[in-house]
Amino acid sequence: MALVDEIREIGRKYPDRRGALLPSLYLAQKEYGWLSQEAYETVSEALNLPPATVKGVATFYAMYRKKPMGRHLIQLCTNVACMVMGAERLVDLLKERYGLEPGGTTEDGRFSLVIMECIGACDRAPAMLVDTDFHSDLNETNIFEILEKYK
Amino acid sequence: MLKVTINGIEIELEKPVTVLEAAKQAGIKIPTLCHFDGLPPFGGCRLCLVEVEKLPKLQTACTLMTTDGMVVRTETAQIKAARRAMLEFLLINHPLDCPYCDKAGECELQDLVAIYGPEAGRFAEGKRTHPESFDDPIIVRNMERCVLCTRCVRMCDELQGAFAITVTGRGSHSFVEPFTGGKYNCEYCGNCLTVCPVGAIMSRLHRHSYRPWYVEREVQTTCGFCGVGCTMILQMREEHIIRSIPRMGLGLNKGLLCVRGRFGYDFVESTERLSTPLINKNGQLQPVSWPEAYEYIANRLKEIKEKHGADAIGAIASGRCTNEDNYMLQRFMRFVIGTNNIDSLARLSYAPTVSYLESIFGQGITANLIPGIANSDGALVVGGDPTTINPILGLQIRAIRKNAGKVVVIGPPGGLKRFVTNALITDPYSEEMVLAAVLGRLSEEKELRGELPRLEEKIRAVKIPSQDELSDAIEVDEINAAVDTLKGMENPVVIIGPEIAMQKRSSKRLFLIAAIAYLINARLFVLSERPNLQGLMDMGCEPHMLPGGRPLEFEMFRHKMEESLGKKVPESKGMNLFEMLDAAQDGQLKALYVMGENLIQSLPNREKVESALKSLELLIVQDIYLTETSRLADVVLPASSWSEKDGTFTNLERRLQSVRAARTVSPGRADWQIIADISSQMGDSGKFSSVESVWEEIIHISPLHAGLSYEDIAKGNALWPYHGEPLRGVEGEFDVEGIDSLPEKRDKEAFYIQLQRPLYHSGSTSRHSRALLSIMGEPLVMINPSSAERLSLKDGDKVVVSSDIHRAEAKIKLSEDVRAGEVALCNTFSGLNFMQFVDYEVSPVLGCIVITKNNVNIEKVT
Ligand code: SF4
Ligand code: SF4
Ligand code: SF4
Ligand code: FES
C-alpha cells in the first residue's frame, strides 16, 4: 500500500486527524528512512494537516529521526551496567572499524549509531538494538560478527 | 449571576468568565505575557498567577474560570516572588540586547521586568545562541529573544488561518519557525508581529531606523487598497510613515491587517511620485505651473465644448479616490461641462454586479456586515478567492469553518483550501452548468416562498442540465453533496467575486447565484478590488445615475437636484466607459478627463485603448505617477495620495469611513481640490474651501446621505442606509441571457488565460511599493501541475504564451490554485500582464466587460 493510503488507513482509527499524527510519522520515517521535509509534506497531505503543524509535533519528540540515517540503526546502551561491562570500549571500536561516531552515520550509509539510555537488559550487558533486533552479551569480537550480517 | 471578590472588590458577573477578564471588568490589571485578547488561552508564561482562597497553589488567571463566591488576590508578596521567578527563568536565555532591539520601549518583557525584577539572574551558564534570520524580505526573526508565549503561532493558526509557523524542537531548543525553516512563504499579513510581545518577530521595513518613542503622531485612517476598508493607524515621524498598524478592537478588521495594508504603504513615498503639472509641448511632457495648467485645461475644454458640444467630453472617476473626489468629478461633468458622460472601472464588474442584484432584490441588498460573516453557519463562495481579493473578509469565511459552519466553493478554493466542506471545481466554462445543476437540485428541496414572484417565475423557467449533460462538467455526486450542505444552512452568506461578471452569459450566472441565495435565504456580499467602488456608484459616477443612487431617467430626481443646487442637470444618459472609448476612436468624443486610473494597463487590448486615447483632442490625466496612460496625456496633474488627503470611502458593506491625511505635505493636490479649482476657473460659482464643504454639498443633494456628518462617520458605524432614504421599488425588472439553454462547450484541450488577483498586489499601484515587490517582484504565469506535466514543463521554465493578439515570453510557476486547462497571470506589472493578451466585448445585459480571445498557446522555450 502506498504511504499516503497507509496513513489514511491509520487515520480512520483515531477520532481526529491530529491523533493519528504520531503513528503516521513513524510510517513516514520507515518509508523515507528519516523525517525529511518531503516526509512531513507527505504526512501533511495524507492527513490534511498543515505541514508546519506536522513538523512542530515531530521535532518535539526525541525518537523520530530528523537527520538522514544509515540503512541500519545501531542503538547501543552505555548506561551504568553496560558501561561497567565495557560498552564504552565498544563505542571506540565502532569508531575505529567503521569511522562511526555516536549520532553519526558511516560514509557508505550502512550504519548509524545512537547511544541509548538503558534498554532494560542490564543482566545481559552490554546490549544493543540493530534496527529492531535485540543483541546482548556483546564483546569486542561478537559485536562485529553480528554487525557484519547487516549489509 | 455570580459574585467574585478580587482584591477586596466585589464583582457581579452575568456569566462565568476567566479571572483575568473579571479583574479587567473591575479595573484591576493582572500582568500577562502569553495571553492576548482574541486568541485562545494558553497558560504558558505563568505571569498572571494569582492567589485564590481555598486553592492551595497559585493559579493562572488567564485560564481559571470564575465561580460564585471566589475570592482572589492579585498582588501579594507570594505572587510577586513567583512572578519574579518566572521572569528570571525567561531571562536565562534572553539575550538582553535591548540597546539595539527595535522593540525596546514597547516590549512587554522589558516592562514586566521593570515592575517585578529580578535585578540580576543567578544562572551562570551561557545563553543559547541562534542566528537572526534574514531569509525574508520584510520580516526578520530573532529567536534568541523569543519567550515562547506562542502568541504568534496561535495568531497564525486561529485568526489568520494560514498555519505557516510552529514551535519546533523542545525545551531551550524550541524556536518558532515556518515550515521551510527559512523563508516564511506565507500570507505575510504580519499579524504575528502585532502579537509578539518581544523583539522576536519584527518588520524589516523600518529596522533600526526608529525607536517607538520617535513616533510623533498617530493618524487613524482607512486602508486604501481594497473594498474591505480596514481601519489602520499610521504612525508618523515628520512626513514619514514609520509603520502602519492595526489596533485591537478598532474598525471592522478588529486588530488584523493583510499584507497590503500592513506593508504596502511605502508606495506613497516612492521617488517616482509626480510633483508638478505637465503639459505636452511639441510631443514632450514639460513641467508647468499650476495656474498655467488650469488655464490650459479650462480654455481647451471650453473650446471643445463650444465646437463639439458638452457630450464630446467625458470623464473617468476612480475607485481609489474618495467620495469627495468622485463627487466633484461628476459634479464638474454634469454642472460645469453639462454632460452625463461619467463612468469608472467599476463598470468592469462591480457596479453591474451590484446593480443587477439590486434589480432583483432592491437597493442595498449587498449592504451586509463583514464581521457578521463569521457568525453565519455557512457560506457559498463563487467568482474569485476572497482571501486574496478582500483578505480580511476572507478571514471571516475561514472563521465560519472554525465555528463548525460549512463552506461551499465553486471554482478553485485558493486560500480557503483548508476550510472548504465542498469544492465544486470544473473548467472555467462549465461553472454555469454547475450553478444550474445546484439550483435544480436545491429547488427540489426548498420551497419558493412567493416573496419575489418575478424571480420565482424565472427560477421555474430555467433550464436545468440533465445528468448526462452535466457529466462532462462534474460528477453528479459532488453536486448532490454540495446541495446537501447548502440546504442545511440556516443563516448563510453568499460571496460573489468579480469573475462572475467577466465572462459570456454573465447575467445567467449572476441570476443563478441570486436564485440560490434566495432559496437558502442568504446575505449577499460582492467583493470589491478597490477601496471605493461602492462610493463611485453612490456618488453618481455612472452615466445613468445621480448621486444617492437616483436614476437619471426620472424627471423627479433631476428636478430635485436642480432645485437643491440651482443648476441644470443634463437630461440624456451619458456614455459609459466602453462607449466613451469607442466614441473616442470614432472621433465623437474629443476630450477625456481621467482621474486616478491607468486605463491602458487596466483594460484589455492595449492597442485598441491606446489608439482610442490617441485619437482624442485632449486627454487630461490626474495621477500620482506617470503611468502608461498619463504618458499619453496632453496635461498631467499630480494628485495627492490616499495618505495625504481627508475624505471618506464607502466599503463593500456600504459603510462610510474616514480617510485622513497623515502626511501634511503632498507633492500633488487633492483630487477634489484640483477639480474645484478647474471648475471655478471655468466660471462655476461653487465655493469649496475644504473637504468638509464638499461633503456638505453631498449631504445636501444626496437623499441617501442626508444629514450624515463627518462626526457620525468617524464613529465607525455609518451604515447603510445611514439616516437617508434608499430608493424603493427598483426591483423586479431584469433579463437573463439564455435562460432556457445551456452554455456552449469550449475546447477542453485548449488553455485559457485568467486574471490572477494576487494577495501581494493591488492593480498597478502596488508596483510602486518596494515592500510588496520584495515579496512578489515579477509576473509569473501560474499553471496547474497536471497541465505542466502535459506540456513537459517544470517550475521556473520559460515559455512563450501567445493569444490572438499578443505573444510574450514568461516564466511559469506551478500552482494548485489554478485549474487544469487554465493559466493565470496578474495585471500588476507593466511588461507582462493579463490584459495584454485578451480582448473584450460588452455584456448585452449587465453592461459589464466580457473577456474574449483568452485562448492561449503555451510553448516551451528551448
Ligand atoms: S505573517 Fe501572517 S501568515 Fe505569515 S507567519 Fe505571520 S501570521 Fe502567519
Ligand atoms: S516569536 Fe514572539 S510571539 Fe512568537 S512565541 Fe516567540 S515571543 Fe511569543
Ligand atoms: S483587507 Fe483590504 S482594506 Fe484590509 S488591510 Fe487588506 S487591502 Fe487593506
Ligand atoms: S498570561 Fe496567563 S499564563 Fe501567560
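Residue numbers begin at 1 in each chain, while the letters A, B, ... track the order of the sequences.
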Bottom line for A/A62: the part with an atom under 4.5 Å from chain B's heavy atoms is both
From the list B/A164, B/C156, B/G169, the residue making the most non-hydrogen contacts under 4.5 Å with chain A is B/G169
Flag if over 12 foreign heavy atoms under 6.0 Å of OH, A/Y32: yes
Produce the donor-acceptor pair table for chain A versus chain B, cut-off under 3.5 Å.
| from | atom 1 | to | atom 2 | distance (Å) |
| --- | --- | --- | --- | --- |
| A/Q37 | NE2 | B/F179 | O | 3.1 |
| A/N48 | OD1 | B/R418 | NH1 | 3.3 |
| A/A52 | O | B/T166 | OG1 | 3.4 |
| A/K55 | NZ | B/F179 | O | 2.8 |
| A/T59 | OG1 | B/G169 | N | 2.9 |
| A/F60 | O | B/R170 | NE | 3.0 |

Those residues at least two apart in sequence (or on a different chain) that pass salt bridge (Lys or Arg N to Asp or Glu O under 4.0 Å) with A/E107 are none
Review point. Crowded around B/M86 CE? As in, over 12 foreign heavy atoms under 6.0 Å?
Key: yes
